[in-house]
Each structure stands twice: as structure tokens, then as C-alpha cells.
Amino acid sequence: MGSSLLATRTHTPFWRWAHPVLFTIALISIVLLHSSTFISLVFSQSSPQEFSRRSQILSKCAYIHAKPGPPPNFHARTQSDRFVDSEDVTPLLVRNATIWTAAHDGHEVLTGDLLMHRSLIKAIGDVPLSLIRQVELKSRKLEVINAHGAWVTPGIVDLHSHIGVVSAPQLNGACDTSSRKAPILPWLRSIDGLNTHDASYELAMAGGITTAQIVPGSANDIGGQAFIIKLRPTNECSPSSMLLKPPHTLNGSHFDHSLTPRWRHMKHACGENPSRVYGMTRLDSGWNFRAAYDSARKLRDTQDAFCAKVESDSWDDLAEKTFPEELQWESLVDVLRGCVRLSVHCYEAVDLNRIVCLTNEFEFPVASFHHAGETYLVPELLKKTWGGTPAIALFASNFRKKHEAYRGSEFAPRVLAEHGTDVVMKSDHPIVNSRYLLHEAAQAHYYGLDPALALLSVTYTPATAMGMGHRIGMLKPGYDADIVIWSSHPLSLASTPTQVYIDGIPQLSLPGRYVAKGPTTPPRTPNFDSEKVAAVAHDGIPPLEPRSVKGTLFVNVSGLYMRGEGSSGVMRVSEQVGSVRVEDGRVVCVGQCSNFAEGVVDVFFFF
Ligand SMILES: *[C@@H]1O[C@H](CO)[C@@H](O)[C@H](O)[C@H]1NC(C)=O
Ligand SMILES: *[C@@H]1O[C@H](CO)[C@@H](O)[C@H](O)[C@H]1NC(C)=O
Ligand SMILES: *[C@@H]1O[C@H](CO)[C@@H](O)[C@H](O)[C@H]1NC(C)=O
């Protein structure tokens with residue numbers, strides 16, 4: 001055997017075996033010549049410890065210049081990282097659904113089926129029978145639901161929530177939204193206050209919410225880091241296990257730096273809230289931000305100088321030195337490196353202006369402005385934000401409740417959308433109960449926001465603003481299996497989920513009947529063109545003077561109370577009144593009152 005092998009080799013012509021060997025040697029030489037750091041790492045390190053130290057530093061330096069996002073091959077995944085391999089998690093086929101996918105700028109509606117397996121959406125629309133068979137075979141189970149034409153959307157995504165940190169029931173001391181220790185606290189983290197027993201999780205899921213960004217409160221200029229959670233209960237019952245793709249820094253700075261960075265999240269706030277808490281003014285806040293970013297910039301520059309030496313192979317200058325780190329500032333350094341999806345709570349033009357200037361002074365992007373009452377009045381300012389116009393996260397109508405909210409408008413979502421700005425509707429739970437977040441979108445639509453954009457404002461747009469648009473907020477093969485089946489068109493009043501799936505797991509223990517009832521198209525809305533124009537023209541305070549009327553006629557009145565003598569000061573004048581006529585502030589007729597012959601009259605009907 002041995003000799004015959006030898007014989008074969010000696011008889012092989014030289015070019016046959018030498019060609020690939022020479023080629024490989026040449027290739028390795030080229031790679032090595034282009035990688036001087038590698039050469040020095042291999043040949044000039046003095047000990048295995050030094051080799052390991054240098055490898056770690058090299059990978060840290062490569063990591064700080066990498067951009068966050070889905071890791072390579074993410075879209076080829078065959079199961080979710082959140083998949084729970086247990087008996088009661090079965091693949092699901094939803095048949096005969098009207099599926100709003102969020103794709104094609106919110107205009108795609110498919111009539112057909114939807115298949116979910118291993119916490120992912122496998123297929124949508126026309127689901128091939130072969131695929132259904134394949135899934136059934138693999139899992140030996142398949143649940144089939146007939147939706148009878150009901151609407152299906154992606155799970156609702158809440159970009160601004162305090163669920164779990166302002167927990168219900170709120171007993172004394174159960175509020176962990178903000179620290180009141182200082183105005184600048186980028187090192188704090190909302191996850192550290194996340195209560196897994198908040199009764200609102202179930203209520204929010206009953207409204208179709210599947211994912212929420214838990215932001216710190218607005219008592220500080222920099223209140224801390226935000227975290228994304230899915231609302232369903234987990235087997236581990238811990239806050240950590242609720243997190244969606246938490247950053248590698250969650251457990252400290254000692255992680256595998258060859259991994260693709262994940263998005264981090266942070267909250268800033270300006271205006272009345274931080275000022276009120278710390279007895280500051282906007283001038284103090286402005287400096288607080290600049291001083292904080294200056295500290296972060298210094299650390300970032302020190303790191304960059306260190307890594308420049310590493311990359312130019314100047315190891316002699318770096319003997320015994322470690323990568324420059326400061327736990328307090330590392331998250332703000334990541335903002336400067338463009339690795340943080342930043343949420344900034346800001347109402348007024350003066351505050352928006354401060355932040356836009358700050359982004360240009362220190363060169364960092366903002367993912368979204370929140371509350372953002374006056375954003376629709378300063379669209380050109382928003383476009384000057386460093387790195388691009390942020391998404392604007394609004395309430396539908398929760399304005400005029402305080403000075404900085406005074407110029408907010410119901411027409412803001414429409415005006416911003418007309419400027420090409422991304423619009424998000426958010427709850428700020430518990431300010432608006434997040435169970436009714438979809439109603440915020442319905443109201444935005446009522447006041448003129450395009451229906452596709454209204455649905456996107458609580459699904460794909462917030463998912464993108466939080467850096468998760470590659471896996472949630474849209475129904476598409478390979479996306480997370482977070483879906484809601486609705487009782488009627490999701491923008492119609494009183495539409496409610498009949499079932500909600502998170503990671504393919506049903507969350508409502510008493511699902512409704514799957515029926516296509518109510519309107520199948522978005523509700524018709526009034527024409528508010530002139531009101532929208534007036535809102536902008538009058539800086540959010542359109543004149544609300546009363547019309548001049550001759551009088552008022554109240555009809556079908558069952559009882560009349562008049563100011564009178566006596567202790568209560570009020571006297572019931574009569575039962576079964578009929579109608580009441582008022583002129584110049586005085587009641588002039590009670591009983592069978594006729595209408596006014598001419599002039600403008602307000603008529604109120606009572607039932
Ligand atoms: C889907 O459901 C609708 C509403 O119940 C019904 O009219 C239609 O016939 C169903 N289509 C199929 C293919 O079952
Ligand atoms: C952080 O630690 C927790 C608890 O040990 C673990 O479950 C989780 O996977 C870790 N997360 C990251 C991002 O390293
Ligand atoms: C007056 O109110 C009653 C209910 O209290 C209602 O049945 C009736 O239709 C109303 N009449 C008019 C004229 O609106």
C-alpha cells in the first residue's frame with residue numbers, strides 16, 4: 001500500500017501538484033503583506049499573554065468602528081432567538097385573512113393565509129401546500145385558524161412607554177421611571193427598574209401591543225438608557241428575558257468584540273420637566289448637554305487616538321496600556337459613534353433648536369423627537385438635524401395641557417407627513433393607556449393623516465426608529481411572528497384584537513370570534529383642509545372667537561334648573577320642559593318655544 005502511494009506521488013508531474021500549492025503560498029503572502037498588524041501580532045509579540053492582549057485590543061478597536069445592525073445571514077434564520085421549544089408552542093396557519101403587511105409604504109393588503117413556525121413568519125398570502133406539509137411534518141402539529149376575512153396586522157409597536165417602570169397597581173414607591181439625583185445620568189438604565197408583575201402588560205397586549213421601548217422619564221436632561229421589550233410573559237420570568245436584542249454592553253464591557261454591534265437606546269429631555277425638577281432654566285439645560293457631550297467627546301477622542309496607534313502598529317507606545325474606558329461615559333460615547341437610537345423629549349421650537357444645534361456641534365444623529373408639539377411648525381429646522389430628520393413621535397390630541405404643549409395640534413401628524421417626515425404615534429404609557437395606542441393612530445387619521453401612514457405610525461415606522469425594522473413592524477417571511485387579528489378595520493372606532501400572537505405564542509386567553517365585521521375600508525373622515533392651514537398660519541393657536549349668534553334654542557329638554565334663592569342656590573323650575581330659548585344670556589322662553597325667525601341660532605338637542 002505504502003509503496004504504491006509513494007510510487008503514485010513520484011510519478012505525478014510537477015506542475016500538477018505545484019500549481020495549487022504555489023498559488024496558495026502567493027495568496028497568503030499577499031494577505032499577510034496587506035496586514036502589517038497581523039504580522040506584528042504574530043511575529044513580534046513576546047508572550048502568549050501579550051498575544052492575547054493585543055488580539056483583544058485589536059478586536060475592540062475594530063468593534064468601535066463597526067456599525068450596529070442585523071448580523072450577517074440574519075435574514076437566513078430559520079427560527080427566532082426568542083423561539084420557545086415547548087409543547088404548547090405550535091406552528092400556526094391563519095386562513096382567509098385580510099392581511100395589511102405594512103410593505104409597499106403601507107399600501108399592501110393581501111387576501112389569503114399566513115403561516116408561522118418557530119416564532120417566525122414563514123409565508124404570507126398564497127402559502128404553498130408543500131410548505132404547510134413540511135412544517136406539519138417537522139412539528140407533528142399545526143394549528144389552523146379560519147379568520148373569516150378578519151383584518152390581520154403586524155403587532156403594534158410603542159416607541160415611548162413607561163410600562164413596567166411605572167407599574168400598576170402603583171403602590172407607594174413603585175415608580176422607577178426617573179432618578180432625581182442629577183440632570184445628566186446617561187449611565188442609568190430603564191431595565192434596572194422593570195417590574196415583571198405590571199398588570200398593564202396584559203392590558204396593553206389586549207390592545208395589540210407586542211413590543212415597547214421602555215424609556216426613562218423626563219425629569220432629567222439625560223435620563224438614561226432605554227430598552228426594547230416584548231410584552232409577553234417568559235418562562236424565566238425575568239426583565240432580562242423580556243428584552244429584544246439587548247446591546248452586548250448589557251452585562252459589561254467584556255463580551256466578544258467580533259460580534260456585530262446591536263443598537264443601543266437612550267432618552268434625553270428638554271423643556272419644562274427637567275427644569276421643574278431641578279429648579280433650572282433652559283439655559284442650564286443647554287449647558288448640561290454640552291458639558292456632558294464634551295466629556296464623551298474627550299473619551300471618544302482618547303479611544304480613537306489609542307486605536308490609531310494600534311492600527312498603525314505602534315505597539316511600543318502602548319506597552320502596558322489598556323483600551324481607554326470609563327463606565328459612566330461609554331453610552332454617550334456610543335451616541336457619538338452613531339450606535340444609539342436616541343429618543344429626545346422636546347416640545348417647543350426653542351428646545352428643538354437647542355438639540356438640533358447640539359447634534360451639529362457634536363455630530364450625532366437623533367432617531368426620534370417625542371411629544372414634539374411644535375415640530376409641525378418648524379419642519380425646516382428638523383431637516384438640519386445632524387445625520388438626517390428624526391421621526392416625530394406624537395400624541396393624537398393630548399396637547400394644550402401645559403405651556404410647552406400649548407401650540408400642539410391634531411393636524412400635526414398630517415402636516416409633518418406632508419413634509420415627508422416619518423410620523424409615529426406613541427402612548428407614553430400610562431399618560432395614554434397603551435392599550436389604546438391604535439386609537440391614537442385612528443385619531444391622527446381622523447384629522448387627516450393618510451390611512452396607510454396612520455397604520456405605519458404604530459408598526460413599521462416606530463420599529464424602524466428603534467432600529468428593529470429588520471424583524472418587527474412588518475409581515476414578511478423571516479420576520480418575528482408578532483401578529484394581531486382585529487375585530488374590524490383597525491382604524492375604525494372600537495376595533496379590538498380578537499387574538500394577539502407574540503413570537504408565535506397566543507396571548508389572549510379568551511380570543512374573540514374571528515369574523516370580518518364592521519367596515520372593511522378605513523372610515524371616511526371630514527375635510528379639515530382649512531383647519532389644518534389655520535393651525536399652521538396661527539402658530540398652533542387659531543382664533544377661537546365665538547360666532548355672533550342671536551340666541552340659542554335647546555330642544556327636547558327634560559328638566560330646567562335656574563339660579564334661585566335658598567341654600568343650594570339652584571331651583572328646579574319644571575319637569576318635561578320641551579324647549580328653552582335663550583337670548584342675550586337670559587332665558588326668554590320655556591315650553592313650546594319657536595325657532596328664531598332670522599339670524600344665526602345654535603340649537604342643542606338633548607336625549
Ligand atoms: C373568506 O371569508 C369571507 C368572509 O367570511 C367569505 O366571504 C369568503 O368566502 C371566504 N373565502 C374563502 C376562500 O374561504
Ligand atoms: C446578560 O446576562 C443575562 C443573565 O446572566 C443573560 O441571560 C443574557 O443573555 C446576557 N445578555 C447579553 C446581551 O449578554
Ligand atoms: C327626545 O328624547 C327622547 C329620549 O329621551 C327621544 O326618544 C326622542 O326621539 C327625542 N326627540 C327629539 C325630537 O329629538
Side-chain angles (χ1 to χ4, degrees), residues 56 59-60 63 66 68-71 74 79-85 92-100 109-115 119 123-129 132 144-153 164 187 189-194 196 211 213-214 225-230 232-266 325 327 330-331 334 339-341 466-468 471 483 485-490 492 495 498-499 503 511-521:
Q56 274 177 18
S59 88
K60 262 196 181 172
Y63 183 85
F74 177 81
Q79 75 174 45
S80 168
D81 51 344
R82 298 178 54 86
F83 172 59
V84 181
D85 201 357
L92 176 79
L93 179 67
V94 182
R95 282 215 178 277
N96 193 11
T98 308
I99 307 164
W100 181 82
V109 176
L110 303 174
T111 311
D113 306 340
L114 185 149
L115 180 66
S119 300
I124 193 161
D126 280 327
V127 180
L129 198 59
I132 298 173
V144 182
I145 281 178
N146 189 337
H148 298 289
W151 282 89
V152 170
T153 68
W187 42 88
R189 314 198 286 185
S190 65
I191 179 72
D192 293 336
L194 193 77
T196 52
T211 303
Q213 174 171 229
I214 312 304
Q225 295 157 52
F227 285 82
I228 313 291
I229 61 166
K230 286 211 192 178
R232 71 170 171 85
T234 63
N235 290 340
E236 192 180 288
C237 302
S238 67
S240 295
S241 59
M242 296 175 79
L243 294 174
L244 178 63
K245 277 274 171 243
H248 304 306
T249 46
L250 179 67
N251 298 329
S253 56
H254 299 285
F255 54 87
D256 177 359
H257 285 83
S258 67
L259 296 169
T260 308
R262 295 175 180 174
W263 285 111
R264 307 183 69 173
H265 301 85
M266 194 186 281
E325 279 174 305
L327 201 48
E330 56 85 30
S331 59
D334 265 354
C339 299
V340 178
R341 307 298 293 182
M466 55 170 73
M468 297 290 168
R471 61 181 292 177
I483 71 163
I485 307 178
W486 298 94
S487 63
S488 56
H489 188 283
S492 60
S495 180
T498 42
Q499 186 52 284
D503 301 320
R513 282 193 309 124
Y514 302 111
V515 284
K517 69 176 184 202
T520 53
T521 52

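Atoms within a ligand are numbered from 1 in the order they appear, just like the ligands themselves. What you see is a predicted model, and the numbers here were worked out from it, not measured in a lab.
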Just wondering, are more than 12 heavy atoms of other shown residues or ligands nearer than 6.0 Å to CG in Asp256? yes
Enumerated ligand 1 atoms positioned under 4.0 Å from heavy atoms of Gly149: 2 (O)
Short N or O contacts of ligand 2 with protein, under 3.5 Å, listed by atom name?
unit_1: ligand 2; atom_1: 2 (O); unit_2: Asn251; atom_2: OD1; d: 3.1
unit_1: ligand 2; atom_1: 2 (O); unit_2: Asn251; atom_2: ND2; d: 2.3
unit_1: ligand 2; atom_1: 11 (N); unit_2: Asn251; atom_2: ND2; d: 3.1
unit_1: ligand 2; atom_1: 14 (O); unit_2: Asn251; atom_2: ND2; d: 3.1

Under the ring-ring contact (aromatic ring centres under 6.0 Å, His included) rule, collect the residues that match up with Tyr63, sequence neighbours excluded. Phe255, His257
Do Trp486 and Thr153 have a side chain donor and acceptor closer than 3.5 Å? yes
May I ask you to check whether Ser495 and Ser492 show a side-chain donor-acceptor distance below 3.5 Å? no
Can you list the atoms of ligand 1 that are under 4.0 Å from a heavy atom of Asn96? 1 (C), 2 (O), 3 (C), 8 (C), 10 (C), 11 (N), 12 (C), 14 (O)
Contacts of type salt bridge (Lys or Arg N to Asp or Glu O under 4.0 Å), residue Arg232, not counting sequence neighbours: Asp503
Distance-only donor-acceptor check, side chains Thr234 and Glu236, under 3.5 Å: no
Listing request: all salt bridge (Lys or Arg N to Asp or Glu O under 4.0 Å) pairs with a residue in residues 240-254, at least two apart in sequence or in separate chains. Asp81-Lys245
